[in-house]
Number of protein chains: 2
Amino acid sequence: MSKQERISWQAVQNEVRQRISQRDWKPGDFIPHEADLAQELGCARATVNRALRGLAEAGLLERRRRAGTRVTLNPVRRAEFAIPLIRAEIESKGQRYAHSVCLREMRLPPPDVQARMQVPANVTQLFVQTLYLANGAPYVFESRWINMTAIPAVRDEDFATFSPNEWLVREVAFDGGDFTFSAITASSDEAAMLSCRAGEGLFVLDRTTRHAGQVITSVRLVFHPGYQMHTRI
Amino acid sequence: MSKQERISWQAVQNEVRQRISQRDWKPGDFIPHEADLAQELGCARATVNRALRGLAEAGLLERRRRAGTRVTLNPVRRAEFAIPLIRAEIESKGQRYAHSVCLREMRLPPPDVQARMQVPANVTQLFVQTLYLANGAPYVFESRWINMTAIPAVRDEDFATFSPNEWLVREVAFDGGDFTFSAITASSDEAAMLSCRAGEGLFVLDRTTRHAGQVITSVRLVFHPGYQMHTRI
DNA sequence: AAGATGTATATGTATGAACATAATGACGTG
DNA sequence: CACGTCATTATGTTCATACATATACATCTT
């Protein structure tokens, strides 16, 4: 008697991945029930469940009670990317980090920002513009609105040691956000800030951050020319 | 005796989320062991494990054997975005989809593409340029290299009914890819294709798709001015 | 003091059993 | 035929138990 090999849920996942990849099970097909698979592969149903649940989370399978499990017809590929601190992003490239606050004042937000932040129309909010530098060269220019009602402690902060980005991450918990990626054509102001020519294409990230139902901050990051955001699946 | 309430793993997750959110457990803190939590909350350790595993996957907790579980110090926020078919993306906005193949020929890839695709230097590959239209207006311009060695069947395909994007998704399985997002300044060629002015900032997605260790295709998508990519967490 | 070895411990995984839940499909009623 | 009812069934969850595995920490060796 050879020693009984224990089947791990990862092994089950690989087996299922292979069968899908080799088109044994084609997109749209129902695959065998958990109980059948468990018996075939020689493991408990819970193990099969663990494996299939993971594949469903990854979007490769679709599962419905009573109906069964089928291979996703048009797998919507999902990519995931990390949103690091700007400091961490710069330092991870081995470059020297610095930031300087260009502007910090109370100001009435324009209507689009009011809407995004869900704040009343006649209340001023904190507006901060910051330039982040890598090895002394402009890296990204940040224009940020901060909800003073939600974060009163920010009133006494000058962001000299900690940038707005870093300060908020450290001080304020958040649980959700919207992200919009786009490209803009550099205006002369933006070109001046980033030391590039007006008219260059620049990568832009707009982000709105929430906590407990409130909008904490709304920020636009305009990156230096040639900036790339990378991810893989 | 009141009926015993069963504790679900979601309930455990919510409890833990709250304690983190309310800073009962601060970033960097160790949280109680699974066994202790299970006893405190009145459920099995497996249930706590299920809950904490999920939070660790979400990046909120860090777990290490023997060491224990701690609240992530600088939670790297991860956003996930879907990568739909171009047809689906256009039609989901209620617009009319169309595409037209501008160029289709065998060609020797430039060195950077050779490197990305991991193909020999002296072998020609299929090069296809396609314009995708929404309600008749240019939506995105695609320049694609297809690995003929990996996908010989593509030799007889003219991409009239199915665009390269759609054809490949339908015909070829894939299991990985690299994504690079950036912004470019429109050249006069690109401006002509997308009916915009030269010099406008354009959003660009470069993607390389793999299957079974081989690179299937490498593609650059140049989007129309004003295009936005959205996601939320 | 530096390095090798051993042990305790927290998380990770596997299992069988039981029950929960959703949803399909069959059946019966108006 | 339209519609509500109900049994069936596949996935979803909980539990107790057992064992696996990584690793922090103590202890022993040189």
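Every chain is numbered from 1, with letters handed out A, B, ... down the list of sequences.
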Colleague: Per the ring-ring contact (aromatic ring centres under 6.0 Å, His included) rule, what does the pair list look like for residues 41-75 of chain B, sequence neighbours excluded?
Modeller: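 Non-adjacent pairs meeting ring-ring contact (aromatic ring centres under 6.0 Å, His included): zero.
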Colleague: Could you name each residue pair satisfying salt bridge (charged side-chain N to carboxylate O under 4.0 Å, His left out) that touches residues 145-173 of chain B, not counting sequence neighbours?
Modeller: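 Listed by first then second residue: B/R87-B/E166.
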Colleague: In whole Å, I'd like the distance from the CD atom of A/Q39 to the C1' atom of C/dT15.
Modeller: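 Taking CD of A/Q39 and C1' of C/dT15, I get 15 Å after rounding.
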Colleague: Considering residues at least two apart in sequence or located in another chain, which fulfil the side chain to side chain contact (heavy atoms under 4.5 Å, CB included) criterion with B/D36?
Modeller: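 Checked B/D36 against side chain to side chain contact (heavy atoms under 4.5 Å, CB included); matches are B/P32, B/H33.
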Colleague: Once ring-ring contact (aromatic ring centres under 6.0 Å, His included) is applied, what residue pairs with a partner in residues 39-80 of chain A remain, sequence neighbours excluded?
Modeller: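 Found none.
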Colleague: Determine whether a donor-acceptor pair (N or O, by modelled atom type, separation under 3.5 Å) exists between the side chain of A/T231 and the backbone of A/E80.
Modeller: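 Flag set: sc A/T231 to bb A/E80 pair under 3.5 Å.
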Colleague: Only counting residues at least two apart or in another chain, list the ones meeting side chain to side chain donor-acceptor pair (under 3.5 Å) with A/Q39.
Modeller: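 Expected list: none.
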Colleague: Starting at atom CG of A/L41, determine the distance to atom P of C/dT15, rounded to an integer number of angstrom.
Modeller: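 Nearest whole value for this atom pair: 11 Å.
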Colleague: Please report the distance, rounded to the nearest Å, between CD in B/E62 and P in D/dT23.
Modeller: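 One finds 13 Å between P of D/dT23 and CD of B/E62, rounded.
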Colleague: A/P120: what forms a side chain to side chain contact (heavy atoms under 4.5 Å, CB included) with it, not counting sequence neighbours?
Modeller: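 So A/P120 forms a side chain to side chain contact (heavy atoms under 4.5 Å, CB included) with A/N122, A/V123.
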Colleague: In the 5'-to-3' direction, what one-character label does each nucleotide of nucleotides 10-16 of chain D receive under the scheme B = base within less than 4.0 Å of a protein heavy atom, S = sugar-phosphate only, - = no such atom?
Modeller: BBBBSSS
Colleague: Among pairs that include at least one residue of residues 64-88 of chain B, which meet ring-ring contact (aromatic ring centres under 6.0 Å, His included), considering only residues two or more places apart or in two chains?
Modeller: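 Listed by first then second residue: A/F81-B/F81, B/F81-B/F181.
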Colleague: Using five pairs at either end of the helix from C/dA1-D/dT30 to C/dG30-D/dC1, determine the angle between the two local helix axes and round it to 10 degrees.
Modeller: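 About 10°, once rounded to a multiple of 10°.
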